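Written below as structure tokens is the structure these notes are about.
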Amino acid sequence: MLYTVALTIAGCFLGFCSAQNASSTYSQPNVPTGTPVPGNYAGPLRPQVHFSPPQGFMNDPNGMFRDAEGTYHLYYQYNPTANVAGNQHWGHATSRDLYNWTNQAIAIFPGGPTEGIFSGSAVIDWNNTSGFFPDQNNGVVAIYTVNTPERQTQDIAYSYDNGFSFTKYEKNPVIPSDSTQFRDPKVIWHEPTSRWVMVVAYPIDFEIGIFSSPNLIDWTPESNVSRIGLTGLQYECPNLVEMRVDGGEDGDTHWVLLISINPGAPLGGSITEYFIGDFNGTHFVPLDATTRFTDFAKDNYAGQFFYGIGADQDQISINWASNWQYTNDVPTAGKEIGDGFRSAMSVARGHYLKELPRQGLALISYPLDIVSVVESELARNDSLGNSTVFVDYSNVQSGALYFEANITGLTDSASLQGAINFKFLSSASGESISGGTYVSGDVWLDRGRTNGFSNPYFNDKFSQAGIYREELGEWRISGIIDRSIIEIFLNDGELSASSVFFPNSPLDMMVLTVSGINETAIANVGVWSLRAVWEEKGDVNGTVLGNVTTT
Ligand SMILES: *[C@@H]1O[C@H](CO)[C@@H](O)[C@H](O)[C@H]1NC(C)=O
Ligand SMILES: *[C@@H]1O[C@H](CO)[C@@H](O)[C@H](O)[C@H]1NC(C)=O
Ligand SMILES: *[C@@H]1O[C@H](CO)[C@@H](O)[C@H](O)[C@H]1NC(C)=O
Ligand SMILES: *[C@@H]1O[C@H](CO)[C@@H](O)[C@H](O)[C@H]1NC(C)=O
Ligand SMILES: *[C@@H]1O[C@H](CO)[C@@H](O)[C@H](O)[C@H]1NC(C)=O
Ligand SMILES: *[C@@H]1O[C@H](CO)[C@@H](O)[C@H](O)[C@H]1NC(C)=O
Ligand SMILES: *[C@@H]1O[C@H](CO)[C@@H](O)[C@H](O)[C@H]1NC(C)=O
Ligand SMILES: *[C@@H]1O[C@H](CO)[C@@H](O)[C@H](O)[C@H]1NC(C)=O
Ligand SMILES: *[C@@H]1O[C@H](CO)[C@@H](O)[C@H](O)[C@H]1NC(C)=O
Ligand SMILES: *[C@@H]1O[C@H](CO)[C@@H](O)[C@H](O)[C@H]1NC(C)=O
Ligand SMILES: *[C@@H]1O[C@H](CO)[C@@H](O)[C@H](O)[C@H]1NC(C)=O
Ligand SMILES: *[C@@H]1O[C@H](CO)[C@@H](O)[C@H](O)[C@H]1NC(C)=O
């Protein structure tokens, strides 16, 4: 969660300040309680398979957990009263498949006009360790930062109804502090020590605190991870997650500590780095001194992992697809609340660790189960060779596509050559987004040929050193483009990039070109349209109401 003095909203917002004063909930008259905020999800920049808020401003994902029925809960930093950051609430949405989201009522409100409910996490207290849940084993506890002009403290709230509504703990805070720089608690259950473990940022001290607790209420500081990797000017939103290692021994896992940095990323603004290591319940020890990044573009920040996914399964994250350098200015919203929205989340990513030939262990990030929102196949060729596929998708309602291109069948390193390039164009304006692989497998992305947004920090081009998979004689690229956001994945997620872009006219033509590949290589390509998941939910006026049938 971003913290600057300028963004801490002091006093009443937009002139509204009559508090309802029920169970320490401060609710402004233009912010609905008990019913979702409505929003219009049509519009040329509104993503259709990515989550974005109904209106207003969204940043970090929060509180993510999968409940006993398999429903995923996503909370998020939400300003329901303006199109810029501030006035933080916890917005809420649920989904069965991580693409088709139902907007729910705002879950956690600030306790007063100068308070913000900043980022945090949620757990299911199966064993009633907290004592909040006399008659159930599916109680939800949210752990989050309360921000005031004087301090940031760690507070908790509990939910009897599976995370739809929360009661703040009467003896908050559970971790007091006099610092204005102490935030973003992420809590997990650590089975070997039978305790809850929290990682939390001391942003300007460049420390990640590790705390433990038997009951989510009494917390003991255990250790700090200090000045690790790139510091930038602040550490934020730490995550600690155990992951399986692909190709390792059966049941082999390592722990991954992720830290978001803002400002101070090499490309400017916000970025997420991670460290692979081991964790014994009190101390995290990295395996090596390497700083690794989750993404090679600049719209992937503050990602959070779902609570309650076993270490034998692929872990799942959702990431904020924006950057603090320009997020308050992007053209998806106007000045007034109700006019558009700001920020989308990445699609849900599946994750595991894998030993790569050159880099060593790396976090693999792939788009989870995109097939669940595939509408139809627009192009397919299993022997493209050095050739080009053109796809006119002007009649695809969502304006969203998924594509794959695989070069396989190569026998030795002398044959690993050639490129796969893609371009998405506007037939009306000629604006485009392009990218692909290049000599030796490097991967690139160019969003500079779109004209709907101009900002000195809005970098045009991104690239990363990729590598052809010599041992397999292949390389692959895939991607999702969705009106104003593109995510690309090299070699099933060995590298990935998330980038927002803002054309004046919708992109509606795709050109996919394979060139210079060895005569023995096989090129398989496919392009699919994706469903207009959000627009399909709209009423006659395009308004998505969300879950209004609350009981
Ligand atoms: C709520 O009411 C209590 C008791 O009347 C008062 O002390 C408190 O300041 C009020 N809180 C807000 C946010 O108005
Ligand atoms: C609940 O209790 C069981 C049995 O003692 C234990 O194995 C498990 O780790 C506990 N889980 C949580 C979340 O408390
Ligand atoms: C949960 O804990 C509370 C407080 O210790 C206790 O009153 C209640 O009986 C417990 N419920 C269960 C199901 O264990
Ligand atoms: C961790 O760092 C913070 C900020 O520098 C400090 O206040 C705290 O005492 C440290 N905790 C431990 C366990 O070392
Ligand atoms: C974890 O390892 C550290 C040393 O890295 C040690 O001091 C600590 O006691 C260990 N904790 C547990 C719970 O084993
Ligand atoms: C695949 O591409 C090749 C080369 O352009 C072309 O000759 C062939 O007809 C295409 N196959 C299909 C099924 O379109
Ligand atoms: C294609 O690959 C074969 C087998 O590795 C190699 O002998 C040949 O030189 C390559 N062709 C070109 C044009 O590089
Ligand atoms: C592709 O182009 C390269 C370089 O021009 C050539 O060597 C190769 O034979 C071509 N591959 C196929 C499959 O036609
Ligand atoms: C590309 O390769 C992946 C395996 O990595 C496979 O699942 C997919 O079907 C292939 N795509 C095409 C278009 O052949
Ligand atoms: C999303 O879910 C709703 C009902 O929960 C269903 O009517 C709709 O068809 C689903 N949309 C997609 C794209 O799966
Ligand atoms: C749609 O918008 C029109 C014009 O603003 C309004 O009269 C009508 O009630 C709206 N319909 C719904 C279902 O909200
Ligand atoms: C709607 O919200 C209520 C809680 O207010 C919840 O019990 C119910 O499951 C939700 N329904 C859907 C479809 O999300």
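Given the structure is predicted, the values throughout are model-derived calculations rather than measurements. When a ligand or atom number is given, it counts from 1 through the structure's own listing order.
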**Item:** Which residue and heavy atom of the protein sit nearest atom 5 (O) of ligand 6, plus the separation
**Value:** S387 OG, 2.9 Å

**Item:** Part of L384 within contact of ligand 6 (heavy atoms, under 4.0 Å)
**Value:** both

**Prompt:** Heavy atoms only: which of L472, D382, N406, I477 is nearest to atom 1 (C) of ligand 9?
**Reply:** N406

**Item:** atom 9 (O) of ligand 5 protein-contacted, heavy-atom criterion under 4.0 angstrom
**Value:** no

**Asked** So W534 and Y41, would you call those rings parallel, tilted or perpendicular, with 30° and 60° as cut-offs?
**Response** parallel

**Asked** For ligand 5, which part of N280 has a heavy atom less than 4.0 Å away: the side chain, the backbone, both, or neither?
**Response** both

**Request:** Look up atom 14 (O) of ligand 6 and tell me if a protein heavy atom lies less than 4.0 Å from it?
**Result:** yes

**Prompt:** What do you reckon, does R380 have a nitrogen or oxygen under 3.5 Å from a nitrogen or oxygen of ligand 6?
**Reply:** no

**Asked** Is R227 positioned over the aromatic face of F206, cation under 6.0 angstrom from the ring centre and no more than 45 degrees off axis?
**Response** no

**Prompt:** So which heavy atom in the protein is nearest atom 11 (N) of ligand 6, and how far is it from that ligand atom?
**Reply:** N381 ND2, 2.9 Å

**Message:** Quick check on contacts: which atoms of ligand 9 are under 4.0 angstrom from a heavy atom of D492?
**Reply:** 5 (O)

**Fill in**
In ligand 9, the atoms that come under 4.0 Å of a heavy atom of R476 are 1 (C), 2 (O), 3 (C), 4 (C), 5 (O)

**Element-labelled atoms of ligand 9 that are located less than 4.0 Å from some non-hydrogen atom of G526** = 13 (C)

**Asked** Looking at V500 and R447, what are the two nearest heavy atoms and their distance?
**Response** O-NH1, 2.9 Å

**Asked** What protein heavy atom is closest to atom 4 (C) of ligand 5, reported as residue, atom name and distance in Å?
**Response** H283 CG, 4.3 Å

**Message:** Ring-plane angle category for W320 and Y301, please: parallel below 30°, perpendicular beyond 60°, tilted otherwise.
**Reply:** perpendicular

